[in-house]
Amino acid sequence: MPAITLPDQSVRRFDGPVTGTALAAEIGPGLARAALAMKLDGKLVDLATPIEQDASVVFVTRRDPDALELIRHDAAHVLAEAVQELHPGTQVTIGPAIENGFYYDFARNEPFTLEDLAAIEAKMREIVGRGEKFEREVVDRDEAIRFFQAKGEKYKAQLIEDLPASETITLYRQGEWVDLCRGPHMRSTADVGQGFKLMKVAGAYWRGDHRNAMLSRIYGTAWRDQKELDSYLHMLEEAEKRDHRRIGKEMDLFHLQEEATGSVFWHPNGWKLYLAAEAYMRRRLDAAGYQEVRTPQLVDRSLWEKSGHWENYRDHMFIARVEDEDKHLALKPMSCPCHVLIFRQGIRSYRELPLRMAEFGSCHRYEPSGALHGIMRVRQFTQDDAHIFCTDEQIAPETARFVALLSSIYRDFGFDSFRVKFSDRPTPRAGNEEDWDRAEAALREACRLADIEYELNPGEGAFYGPKLEFVLRDAIGRDWQCGTLQVDYVLPERLGAEYVGEDGARHRPVMLHRAILGSFERFLGILIEQYAGRFPLWLAPVQVVVATIVSDADGYAERVADAFRATGLEVRLDLSNQKINAKVREHSLAHVPVLAVVGRKEADSGMVALRRLGGEAQELVPLDQAVARLAAEAVPPDLRKADPVPAAQA
RNA sequence: GCCGACGUAGCUCAGUGGUAGAGCAACUGAUUCGUAAUCAGUAGGUCCACAGUUCAAAUCUGUGCGUCGGCACCA
């Protein structure tokens, strides 16, 4: 006698078990048509599930956020059916819904190529058109294994074998096609609709392990309808326009070339941007009580052996040798061991702690070729690296201080939000279990104190300690770790860092490894995409272009440019013999933030016509005011006095 | 590193075995013009590299390098 509570708090009673389908029909034909699945006591299940006891039921329709996940998951099944129909002998493995879409991994000798997608997608549309009913079936475990093995589906059989014995094995049937699946699904393949598209093919290791076979993955995107699909595809196109590699070219910021794979050639414009960011960081670190140092590029192998890097990362280090000496020097992949060496010079007192040692450390790492990505993932990069030598008690307050600094800096760069991941002990790792317990507990406590919400990232810590990762997102939705904070008991131990405590005895400091931008290269890449090249004035490599309308204004234009330059602004003068339309277009495409146009009128009256990038308005301003205003605007955020120049006339 | 695609002028790209192309940019000349492309002309290429097939290779094959999309990796 189930009593079913609906979202409006009304209750319906039934004599016996009733399926969601029947319940929806009972409530009304509109709902019966719209319901795709239901939430039974909060759990998403098939509409065909019988409700046997008192429960609350919420129907999921196309409009609900949950619908997207159902559509995408079902689309993955449709993809698999289409592939097996077109390419018999292909084995299915797994195919989940993901952000914006779905994928399915197939095992076959010949991987799929882009050219296969059109036919597969057409077949998918056919299957959606067929409206095959999804039917759930609970099966015996051994029988299921035999069933899939008989079909030659070794991967599926393997998946079932690896499921815990307690797990109910369910199959989902759609027409002739069957898949092992936990569900839930919608009513039929028709519910997928036509708002999907196959996007790309890729290789992917079985179970994400590079020692396993490489499967052939097909990615698709799926939405509620064509309109949503179109707007997603449009968003992707827009995102592509802000790709840092493209804008890097357009703004002449940097280039990469074969002779120095994975290292950036910064051009004058890009280097201006870099230096602006570096100068800003140097001021912020200085104000936050860090001391800047500089340590060697080439360091003998023995130090890396002591630190444990040789053992863990030797394959990823650039090694240099010289003819006359039997030595292996490594280009430093990180600065921390060197910082410990500085710490160890002389005798340290507890009074010096926390000691915050910072370096814009130029590092080299031999990244796998497939990992390289524009300037975001390179083999030579500069970290805004620092190490805080402190006591156990100082871990939490130092973490809180760090997060406050990081948030403030991200905000100044225009990032209002970021995600935090907590990565705990990996395998293999250095150090003993007690230290790992201490380190993880300290970091958790620090997060609590600093009021940080994080997601757990199990087993992903550094080999010497747990870490927080601060993650920013690029234009096309890829996540990049930028900031980090790591608690380390291991390196101070290995490299023998110690200080004299209040008690006169020697103690081990803890080391907090921390970075905010992470690598300048990566951060600037993200920054370029964040602003789509339209930097705020303080970061823009070229801040003002003075452009003339007639050559009679050339002399005045030069005086205007000089006046801007005198305040430190980066100014270009465009006296070329082109129409003003062409000049506006050219400098707009180059993302110059301010265009100061001067013609006869301005020359006669001592004015400039200011035009902002992205706007169409022009503003006629007396030269001295324009200079004062832009100079004030170009002041980096950390140097800005509260409300420097009244914005009234701006 | 693995799977797939791609590599042609400074840039974006066309060119399926028979004399290497376009637009933009550059350069020269004309034009002095009021806020996203003025007109005309000129010049510009070891078609990523090496090897092979062929009478003939940008084009077909192999190897290498690089780039891109994923996977794996990311101290």
Side-chain angles (χ1 to χ4, degrees), chain A residues 103 105 110-116 199-219 243 245-246 249-250 252 255-262 304 307-317 332-337 363 365-374 376-377 381 383 385 426 429-430 460-465 467 469 476 478 480-481 484 486 488 490-491 513 518-519 522 547-554 577-589 595 597-602 609-611 613-618 620:
Chain A
Y103 68 78
D105 284 347
E110 285 291 300
F112 289 112
T113 72
L114 236 34
E115 280 139 41
D116 297 317
M199 302 296 283
K200 52 196 177 191
V201 293
Y205 296 108
W206 166 238
R207 299 199 148 162
D209 189 327
H210 69 278
R211 290 165 299 194
N212 290 342
M214 169 109 357
L215 306 173
S216 183
R217 175 175 294 181
I218 297 178
Y219 281 97
D243 187 304
R245 292 163 295 199
R246 180 188 178 124
K249 229 173 244 166
E250 287 169 1
D252 196 15
H255 86 273
L256 297 151
Q257 73 178 60
E258 219 173 311
E259 285 77 1
T261 307
W304 307 112
S307 70
H309 290 96
W310 192 266
E311 186 190 342
N312 284 286
Y313 291 105
R314 193 232 166 295
D315 290 347
H316 298 280
M317 288 162 71
K332 73 172 174 195
M334 54 184 342
S335 302
C336 32
C363 299
R365 296 180 184 173
Y366 181 72
E367 300 285 7
S369 57
L372 300 176
H373 178 92
M376 304 266 223
R377 188 84 186 268
F381 56 96
Q383 289 180 315
D385 195 15
R429 54 182 170 268
E460 297 294 324
F463 74 86
Y464 48 72
K467 64 179 178 184
E469 293 174 26
I476 53 175
R478 280 183 291 212
W480 296 93
Q481 180 201 314
T484 185
Q486 304 162 11
D488 182 5
V490 174
L491 260 192
H513 304 244
S519 113
R522 169 175 307 172
T548 51
I549 294 174
V550 290
S551 48
D552 287 351
D554 285 3
N577 180 11
Q578 286 183 99
K579 286 190 172 176
I580 192 62
N581 290 294
K583 294 188 187 185
V584 167
R585 180 179 154 82
E586 183 185 330
H587 303 300
S588 298
L589 288 176
L595 199 56
V597 177
V598 295
R600 209 167 268 126
K601 197 166 70 188
E602 288 76 11
L610 295 184
R611 182 193 167 107
L613 179 60
E616 284 174 16
Q618 310 137 41
L620 208 54

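Letters go in sequence order (proteins before strands), and every chain restarts at 1. What you see is a predicted model; the values in this text were computed from it and never measured.
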- [ ] Tell me what A:Lys579 touches on the nucleic acid: a base, only sugar-phosphate, or nothing, going by heavy atoms under 4.0 Å.
- [x] base
- [ ] Would you kindly compare A:Arg585 and A:Val598 by the position of their nearest RNA chain B nucleotide and give the one closer to the 5′ end?
- [x] A:Val598
- [ ] Search all heavy atoms of A:Ile580 against all heavy atoms of A:Ala547 and return the closest pair with its distance.
- [x] CD1-CB, 4.4 Å
TODO: Scan A:Gly208 against the nucleic acid and name what it touches under 4.0 Å (heavy atoms): base, sugar-phosphate only, or nothing.
DONE: sugar-phosphate
Open item on the list: Can a side-chain donor-acceptor contact be found between A:Glu586 and A:Ser588 if the only test is distance below 3.5 angstrom?
Closed with: no
Task: Contacts of A:Glu250 that satisfy side chain to side chain contact (heavy atoms under 4.5 Å, CB included) - sequence neighbours left out - done: A:Arg246, A:Ile247, A:His591
- [ ] Go through the structure and list residues passing side chain to side chain contact (heavy atoms under 4.5 Å, CB included) with A:Leu372, not counting sequence neighbours.
- [x] A:Thr261, A:Glu367, A:Arg379
Open item on the list: Looking at A:Arg245, I'd like to know whether one of its side-chain N or O atoms comes within less than 4.0 Å of OP1 or OP2 on B:C68.
Closed with: yes
All N/O contacts under 3.5 Å from nucleotides 3-7 of chain B to the protein, with atom names and distances to one decimal?
residue	atom	partner	partner atom	Å
B:C3	O2	A:Gly203	N	3.2

TODO: Quick one: label A:Ala547 by what it contacts on the DNA or RNA (base, sugar-phosphate, nothing), any heavy atom closer than 4.0 Å.
DONE: nothing
Task: Complementary nucleotide of B:G66, counting Watson-Crick and G-U pairs under 3.5 Å - done: B:C6
Open item on the list: Can you see whether A:His309 engages A:Glu311 through a side-chain donor-acceptor pair at a distance of less than 3.5 angstrom?
Closed with: no
Task: Touch class at under 4.0 angstrom, heavy-atom based, for A:Ser588 against every strand present - done: base
TODO: Taking only Lys NZ, Arg NE, NH1 and NH2, and the carboxylate oxygens of Asp or Glu, determine whether A:Asp209 and A:Arg211 approach each other closer than 4.0 Å.
DONE: yes
Open item on the list: Can you say whether a donor on the side chain of A:Glu602 sits under 3.5 Å from an acceptor on the base of B:G34, or the other way round?
Closed with: yes
- [ ] Determine whether any donor atom in the side chain of A:Tyr205 lies under 3.5 Å from an acceptor atom in the base of B:G70, or the reverse, and answer yes or no.
- [x] no
Open item on the list: Counting only Watson-Crick pairs (N1-N3 plus N6-O4 or O6-N4) and G-U wobbles (N1-O2, O6-N3), all under 3.5 Å, who is the partner of B:A75?
Closed with: none
Open item on the list: Considering every strand and a 4.0 Å limit on heavy-atom distances, what is the contact class for A:Ala582: base, sugar-phosphate, or nothing?
Closed with: sugar-phosphate
- [ ] Would you give a per-nucleotide map of nucleotides 22-27 of chain B, 5' to 3', where B means the base has a protein non-hydrogen atom under 4.0 Å away, S means only the sugar-phosphate does, and - means neither?
- [x] ------
Task: P spacing across the pair B:C65 / B:U28, given as an integer number of angstrom - done: 43 Å
Open item on the list: I'd like the P distance from B:G10 over to B:C47, given in whole Å.
Closed with: 13 Å
- [ ] For A:Lys467, answer base if it contacts any base atom (sugar-phosphate contacts may also be present), sugar-phosphate if it contacts only those atoms, and nothing otherwise; contact means non-hydrogen atoms under 4.0 Å.
- [x] sugar-phosphate
Task: Euclidean distance, atom CD1 of residue A:Ile218 to atom C1' of B:C71 [Å, nearest integer] - done: 15 Å
Task: Pairwise C1' distance, B:G29 and B:U67 [rounded to whole Å] - done: 40 Å
Heteroatom pairs (N/O) under 3.5 angstrom, protein to nucleotides 9-13 of chain B:
residue	atom	partner	partner atom	Å
B:U12	OP1	A:Lys249	NZ	3.1

Task: A:His316 side chain near B:G1 phosphate (N/O to OP1/OP2, under 4.0 Å) - done: no
Task: Pairwise P distance, B:C68 and B:U12 [rounded to whole Å] - done: 13 Å
TODO: State the pairing partner of B:G41; accept Watson-Crick or G-U wobble contacts with both distances under 3.5 Å, and report none otherwise.
DONE: B:C27
Open item on the list: Quick check: any donor-acceptor pair below 3.5 Å linking the side-chain of A:Arg217 to the base of B:C71?
Closed with: no
Open item on the list: For a quick check of understanding: with a heavy-atom distance under 4.0 Å over all strands, which category does A:Gly374 fall into, base, sugar-phosphate or nothing?
Closed with: sugar-phosphate
Open item on the list: Does a side-chain N or O of A:Arg611 approach OP1 or OP2 of B:A36 to a distance below 4.0 Å, or not?
Closed with: yes
- [ ] Scan A:Leu595 against the nucleic acid and name what it touches under 4.0 Å (heavy atoms): base, sugar-phosphate only, or nothing.
- [x] nothing
- [ ] Would you indicate, yes or no, if B:A75 has its OP1 or OP2 atom less than 4.0 angstrom from a side-chain nitrogen or oxygen of A:Asn312?
- [x] no
TODO: Go through the structure and list residues passing ring pair (Phe, Tyr, Trp, His ring centres under 6.0 Å) with A:Tyr219, not counting sequence neighbours.
DONE: A:Tyr103
Task: Check against side-chain contact (heavy atoms from CB on, under 4.5 Å), A:Val597 and A:Gln618 - done: CA-CA 9 Å; A:Val597 177; A:Gln618 310 137 41; over 6 Å; no
Task: Under 4.0 angstrom between A:Arg478 side-chain N/O and B:G69 OP1 or OP2 - done: yes
Open item on the list: Under a 3.5 Å cut-off for both contacts, is B:A14 paired Watson-Crick or G-U wobble with anything, and if yes, with which nucleotide?
Closed with: none
Open item on the list: Could you check whether any side-chain heavy atom of A:Leu491 comes within less than 4.5 Å of a side-chain heavy atom of A:Cys336, counting everything from C-beta outward?
Closed with: yes
Task: CG-CG distance between A:Asn312 and A:Asp315, expressed to the nearest 0.5 angstrom - done: 10.5 Å
- [ ] Search all heavy atoms of A:Leu114 against all heavy atoms of A:Lys200 and return the closest pair with its distance.
- [x] CD1-CA, 4.2 Å
Task: Between B:U16 and B:A72 - C1' atom distance, rounded Å - done: 36 Å
TODO: Using both distances under 3.5 Å as the test, list the Watson-Crick or G-U wobble partner of B:A51, or none.
DONE: B:U61
Open item on the list: OP1 or OP2 of B:G66 versus the side-chain N and O atoms of A:Thr261: is any pair under 4.0 Å?
Closed with: yes
- [ ] Give one of base, sugar-phosphate or nothing for A:Gln486, where a contact means two heavy atoms less than 4.0 Å apart.
- [x] sugar-phosphate
Task: Same-atom distance (P) from B:U46 to B:U32, integer angstrom - done: 40 Å
- [ ] Output the distance between atom CZ (A:Arg522) and atom CZ (A:Phe381), rounded to the nearest 0.5 Å.
- [x] 8.0 Å
Task: P spacing across the pair B:G44 / B:C39, given as an integer number of angstrom - done: 24 Å
Open item on the list: Determine whether a donor-acceptor pair (N or O, by modelled atom type, separation under 3.5 Å) exists between the side chain of A:His316 and the backbone of A:Tyr366.
Closed with: yes
TODO: Ignoring backbone atoms, test whether A:Tyr219 places a side-chain nitrogen or oxygen under 4.0 Å from the OP1 or OP2 oxygen of B:C71.
DONE: yes
Task: Nucleotide nearest A:Arg600 when distance is taken to its side chain, options B:A36, B:G34, B:C73 - done: B:G34
Task: Nucleotide opposite B:G34 in a Watson-Crick or G-U pair, distances under 3.5 Å - done: none
TODO: Kindly give the heavy-atom pair with the smallest separation between A:Ile549 and A:Gly599, and that separation in Å.
DONE: CB-CA, 4.0 Å
Open item on the list: Can you say whether a donor on the side chain of A:Arg377 sits under 3.5 Å from an acceptor on the base of B:C73, or the other way round?
Closed with: yes
Open item on the list: Nearest whole Å is fine: how far is B:C73 P from A:His210 NE2?
Closed with: 8 Å
Open item on the list: In whole Å, I'd like the distance from the CD atom of A:Glu367 to the P atom of B:C73.
Closed with: 13 Å
Open item on the list: Can you tell me how the ring of A:His373 sits relative to the ring of A:Trp480, calling it parallel under 30°, perpendicular over 60° and tilted otherwise?
Closed with: tilted
Open item on the list: Could you identify the nucleotide paired to B:U46, looking across every strand shown and requiring Watson-Crick or G-U wobble geometry with both distances under 3.5 Å?
Closed with: none
Open item on the list: Between P on B:C74 and CZ on A:Phe463, what's the gap in Å once rounded to a whole number?
Closed with: 12 Å
Task: Minimum-distance pair of heavy atoms, taken over all atoms of A:Thr548 and A:Lys583 - done: O-NZ, 2.9 Å
